[in-house]
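Labels below follow one simple rule: chain letters A, B, ... track the order of the sequence lines, proteins then strands, and each chain is numbered from 1.
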Amino acid sequence: MTTASAYEPSEVESRLYADWIERGYFRAEPTEEREPFSIVLPPPNVTGALHIGHALDHTIQDALIRRRRMQGYEALWLPGTDHAGIGTEVLVGRRLLEEGIDKQAIGREAFIERVWEWRERYGGRIVEQMKALGSSCDWDRLRFTMDEGLQHAVRVAFVRLYEDGLIYRGERIINWCPTDQTALSDSEVEHEEVEGELVTFRYPMADGDGHIEVATTRVETMLGDTGIAVHPDDERYQDLVGRSVRHPLDGRELPIVADETVDPSFGTGAVKVTPAHDPNDFEIAERTGLEARNVLTSEARLNDAVPEAFRGLDRYEARRAVRDRLDELGLIVREERPYVHSVGHCYRCRSEIEPWLSGEQWFVKVDPLKGPAMEAAESGGLVFSPPRWKDRYLEWLEGLRDWNISRQLWWGHRIPVWYCSNGHEFASIEDPKGCAQCGSAEIEQDPDVLDTWFSSQLWPFSTLGWPEETEDLHYFYPTSVLVTGYEILYLWVARMVMSGLRLTGDLPFHTVVIHGLVRDAQGRKMSKSLGNVIDPLDMIERYGADALRFALSRMASPEQQNLPLAEDQIEAGKHFANKLWNAARLVRTNLEGDDLSPPSPERLTVTDRWLLSRVEACHAEVDAAMETYRFADAAQALYRFLWSEYCDWGLEMAKPRFYEGSEEDRRDAAAVLAWVLERSLRLLHPIMPFVTEEIRRRFVLEGSIMIASWPEPMPAHRDEEAEARVGFAMDLVTAVRRFRSDHRVPPSLELRVRVEGDAAQRQILGTLSEEVRRLARVGSIVTTGEASSPSGSARLHVQGAEVFIPLEGVLDPEAECDRLRSRIEALGEEAGKAERKLANEGFVTKAPAEVVEEQRRRLTRLKEEEAALREQLDELGCG
RNA sequence: GGGCGCGUAGCUCAGUGGGAGAGCGCUCGCCUCACACGCGAGAGGUCGUAGGUUCAAAUCCUGCCGCGCCCACCA
């Protein structure tokens with residue numbers, strides 16, 4: 001069998017993926033025969049494109065799914081996409097505008113139709129990209145948050161919560177995005193430090209007797225002030241409470257009220273109260289009876305409630321204008337600029353959020369929901385990896401306030417509430433024909449749609465058929481693991497727990513695996529403006545999906561919040577795949593037939609037993625790492641074993657048997673190597689599915705590696721004796737290589753080596769003489785138990801054995817003397833450290849006996865070696 | 001303002017009380033019959049800083065400096 005020496009992933013990957021699909025290996029169905037293991041994919045935006053964050057997220061999920069599938073679970077990875085309300089609506093709106101179409105002009109229905117068209121065109125793209133990565137999703141179950149079944153689930157969930165009194169309508173201050181023209185929940189607002197200003201100005205008393213000073217970062221909102229608040233115990237203002245000030249720009253009288261929440265130590269201790277534009281002020285107003293005066297339009301421009309001079313100004317223009325007017329009136333006391341403070345921004349478009357009184361909004365009452373969700377984590381029913389996220393989750397739930405779920409958008413699940421002409425309000429799962437209370441046919445549905453996260457929170461069960469009691473739901477729910485980045489822990493994960501517990505009575509998943517965010521090599525966020533975006537598809541094209549998956553896995557350690565990815569790491573993944581490919585070619589050409597069973601125990605050589613023992617050690621590491629989601633450790637263990645042990649030593653030590661041994665030796669050697677390689681491939685398959693499959697098929701094995709079983713541990717293969725014996729030979733080889741490299745001895749010049757060692761050492765060198773000669777490039781190797789000091793030789797120490805290399809014809813003895821002298825110096829330093837330790841009375845009396853003993857042995861060893869080298873220095877005549 | 005995490009080799013990180021590690025990068029030598037997407041060898045660190053606990057500290061404790069993140073209605 002001849003094959004190219006370089007592995008070319010592109011052809012292999014598409015061919016194998018198509019084959020897997022055709023064979024139906026990704027499909028999962030409820031069955032009595034196997035235990036379920038299920039993961040729902042966090043649905044990416046339907047119109048989005050796969051980015052590197054998805055690639056990490058999906059690699060982790062696929063690795064978990066593939067391993068469980070091999071372990072005999074009925075493994076379901078359920079894929080889907082999200083309609084992403086605001087994001088999609090804004091995107092499509094912008095595209096239409098480019099075509100000269102105004103969203104408002106074409107109206108709601110036509111617009112929604114356009115969005116569906118958009119989805120038809122681009123909705124499949126991200127799915128195709130996921131396939132390129134090798135994701136083993138059950139594509140027959142692909143769902144969309146706006147498909148029919150999920151629309152139904154959303155309505156059932158809404159109506160149930162509504163009827164239980166957990167959803168209500170109220171006029172409260174909400175987070176308004178003036179750009180996207182919609183309300184947002186608290187979680188969709190991101191606070192950022194901004195350089196603003198703090199302006200302190202005077203409100204004159206209404207009766208003309210004195211004034212009161214207040215400070216604000218948003219001086220334009222003073223047009224909406226309806227009062228001044230001070231702390232009730234603040235002595236400075238005792239006699240002012242109950243009196244009023246005069247608004248300098250519109251002449252209104254504003255009462256001075258007392259409220260506990262005012263901090264007397266901040267600023268002047270007096271606060272201007274703007275109930276319509278500040279959540280805190282809104283609450284003060286509710287307690288003290290101040291009116292709310294809305295002065296902003298939905299675009300955040302001043303409205304008609306303000307004096308004519310200011311009408312129509314946007315908030316930033318208004319800030320200047322109001323400030324200048326106050327200045328003209330001589331009312332400004334002090335200005336601090338820049339004044340750094342925190343301002344909320346829209347998580348979609350980054351605009352500054354306007355706390356705004358926008359009329360009636362829908363809310364979910366969270367108090368009855370958060371208790372059980374907290375309890376689940378506290379009792380250990382819901383587990384986080386890494387565990388520290390549990391505290392973050394609990395803290396967040398603790399402080400959670402009612403969730404605003406109405407959005408002033410068109411694209412999304414429309415709120416299933418109707419109002420009739422007689423003033424009745426009712427919720428309904430099906431579209432009603434008339435009012436549920438009076439039968440009136442004049443009904444109108446609430447115009448708003450639901451927050452996207454309202455449907456996402458149902459995802460783990462709505463995708464399995466809920467509210468129907470389906471077989472899928474019964475079998476696969478609760479799901480096993482949820483994998484996601486920390487950025488949506490609150491936005492999504494916590495809400496799934498709350499709604500899952502409330503609506504299904506069960507946790508939506510048992511374990512939450514939180515991974516970090518992929519950054520560039522410098523640890524910066526990847527962004528188009530920085531030009532540091534690594535496009536996964538580009539990487540897959542250039543290096544292969546396996547290479548990308550390997551690079552991502554190798555940095556996916558649970559504790560890491562930032563995962564810096566550089567392109568050369570992906571390149572390293574490609575090299576790894578190529579290395580495996582070539583190792584397999586070597587083994588394959590020496591393998592007789594397709595028999596992968598290793599030779600009977602009595603035919604195993606010591607190197608065979610060494611290799612069997614090493615793969616077992618690697619296996620244990622991989623299992624331990626995968627069970628605890630330490631993918632980096634699993635990938636690292638496999639990389640190290642396969643490259644640094646299997647290839648560098650295992651294959652190299654097999655070469656004498658391949659090229660110089662008997663036919664039987666050759667076959668035996670290849671059989672063990674093939675057996676170990678095949679076993680390793682199965683361990684690596686969850687991380688690098690394609691190359692492992694392709695190589696395994698080259699061994700002409702029946703069936704796909706995808707459905708091969710996960711290796712069972714074989715503790716009997718652990719063999720400390722073989723590891724120790726081969727370890728000595730390896731150390732000897734390394735010592736000779738180092739000698740050669742230190743002295744620039746050309747590879748073509750063969751060395752002669754004489755080893756004085758104990759019986760076991762002589763024995764293993766006898767057994768592995770061909771291997772050692774080949775690896776160390778040594779012409780002859782003599783072993784003896786007798787101590788001697790051959791003249792004109794270099795002297796190396798390997799595990800207590802003395803190794804002599806005659807220098808004649810190899811190099812000038814003076815060069816070797818230099819090497820000896822520097823080595824002696826290093827030994828002396830180390831010995832000195834050990835001596836000082838042992839001379840320390842505290843150490844000898846207080847440290848554990850074995851630690852002291854270890855130190856003594858070490859010192860003896862160092863002294864012996866040093867003495868031997870000094871002897872050698874004399875012997876070479878340069879002492 | 002509150003909380004969390006991190007400062008170890010040029011870079012990214014592992015190591016959590018007793019001899020400083022890995023990968024990549026770098027240097028040197030090799031086209032050695034699987035692989036130059038390779039083989040072999042090597043250099044490089046006062047483990048952020050100042051104290052403390054201990055016979056012993058990269059490792060435990062405290063302060064400080066620097067970086068990152070999360071939460072928060074202080075005008």
Side-chain angles (χ1 to χ4, degrees), chain A residues 3 5-7 173 186 191 198 200 214-218 221 229 261-263 265-274 278-284 341-342 344 355 388-389 391-392 395-396 399 486-487 489-490 517 521-523 543 547 554-555 557 559-566 568-569 571-590 632-633 636 639-640 644 647-648 651-652 655 658-659 733-734 737-742 744-748 774-777 830 833-834 837 840-848 850-852 854-855 858 862:
Chain A
T3 34
S5 65
Y7 175 65
I173 208 151
D186 294 342
H191 291 265
L198 183 68
T200 305
V214 294
T216 178
T217 53
R218 299 198 52 196
T221 64
T261 59
V262 179
D263 178 0
S265 66
F266 187 92
T268 61
V271 186
K272 60 190 267 306
V273 183
T274 324
D278 183 291
N280 192 32
D281 291 2
F282 183 78
E283 285 172 20
I284 293 177
H341 63 127
S342 177
R388 64 193 160 84
W389 287 106
D391 293 329
R392 299 267 189 96
E395 276 167 32
W396 182 80
Y486 62 80
E487 76 278 13
L489 178 64
Y490 311 127
L517 298 184
Q522 282 81 47
Y543 305 107
R554 199 146 63 142
M555 57 189 206
S557 98
E559 296 300 330
Q560 291 294 110
Q561 278 200 21
N562 291 334
L563 309 172
L565 177 69
D568 59 10
Q569 291 167 289
E571 198 177 357
K574 178 191 161 98
H575 294 174
F576 184 37
N578 186 57
K579 184 76 178 173
L580 295 177
W581 175 254
N582 281 293
R585 284 171 59 227
L586 175 63
V587 175
R588 174 69 264 187
T589 51
N590 287 284
D633 292 356
Q636 191 57 39
Y639 183 80
R640 185 204 301 261
S644 306
C647 290
D648 288 351
L651 292 180
E652 294 305 324
K655 282 179 180 175
F658 281 170
Y659 302 135
V733 168
T734 303
R737 282 171 173 172
R738 179 170 186 174
F739 170 82
R740 185 188 287 275
S741 186
D742 281 352
R744 305 264 186 278
V745 178
S748 50
R774 184 185 184 92
L775 290 172
R777 298 185 150 269
E830 273 192 67
K833 265 194 236 169
K837 221 169 196 181
N840 183 339
E841 184 135 353
F843 174 70
V844 180
T845 55
K846 293 192 181 174
E850 55 185 56
V851 172
V852 177
E854 168 69 36
Q855 208 56 229
R858 180 161 172 261
L862 292 169

Out of B:rU32, B:rG23, B:rG40, whichever nucleotide has its closest atom nearest the side chain of A:Q636: B:rG23
Among B:rA41, B:rC30, B:rC4, the nucleotide that comes nearest once only the side chain of A:P747 is considered: B:rC30
Side-chain donor/acceptor of A:N582 to backbone N/O of A:S5, under 3.5 Å: yes
N/O donor-acceptor pair, side chain A:K579 with base B:rC35, under 3.5 angstrom: yes
RNA chain B: 5'-proximal contact among A:D742 and A:E652 (nearest heavy atom): A:E652
C1' spacing across the pair B:rU12 / B:rC67, given as an integer number of angstrom: 16 Å
Contact under 4.0 Å: A:K846 side-chain N or O vs B:rG18 OP1/OP2: no
Among B:rC35, B:rG19, B:rC55, the nucleotide that comes nearest once only the side chain of A:N840 is considered: B:rC55
Touch class at under 4.0 angstrom, heavy-atom based, for A:D568 against every strand present: sugar-phosphate
Sugar-phosphate, base or nothing in reach of A:Y639, heavy atoms under 4.0 Å: sugar-phosphate
Sugar-phosphate, base or nothing in reach of A:D648, heavy atoms under 4.0 Å: sugar-phosphate
Dot-bracket line, read 5' to 3' along RNA chain B, where crossing pairs take [ ] and | marks a partner on another strand, Watson-Crick or G-U under 3.5 Å: ((((((((.[[[[.)..(..]]]].(((((.......))))).....[[[[[..)....]]]]])))))))....
Nucleotide nearest A:R774 when distance is taken to its side chain, options B:rG19, B:rC33, B:rG3: B:rC33
Of A:D633 and A:E854, the one whose closest RNA chain B nucleotide lies more 5': A:D633
Side-chain-base donor-acceptor pair under 3.5 Å for A:T268 and B:rA75: no
Sugar-phosphate only, base, or nothing, as touched by A:A572 at under 4.0 Å among non-hydrogen atoms: nothing
Sugar-phosphate only, base, or nothing, as touched by A:P848 at under 4.0 Å among non-hydrogen atoms: base
Any residue meeting salt bridge (charged side-chain N to carboxylate O under 4.0 Å, His left out) with A:E571, in chain and number order, not counting sequence neighbours: none
Touch class at under 4.0 angstrom, heavy-atom based, for A:T734 against every strand present: sugar-phosphate
A:Y7 and A:W581 aromatic ring geometry - parallel, tilted or perpendicular at 30°/60° bounds: tilted
Within 6.0 angstrom of A:K833 NZ, more than 12 heavy atoms from elsewhere: no
Sugar-phosphate, base or nothing in reach of A:L651, heavy atoms under 4.0 Å: base
side-chain contact (heavy atoms from CB on, under 4.5 Å) between A:D281 and A:K272, worked out: CA-CA 8 Å; A:D281 291 2; A:K272 60 190 267 306; 5.5 Å; no
Sugar-phosphate only, base, or nothing, as touched by A:R777 at under 4.0 Å among non-hydrogen atoms: base
Under 3.5 Å donor-acceptor pair, A:R858 side-chain atoms to B:rG19 base atoms: yes
Sugar-phosphate, base or nothing in reach of A:Y490, heavy atoms under 4.0 Å: sugar-phosphate
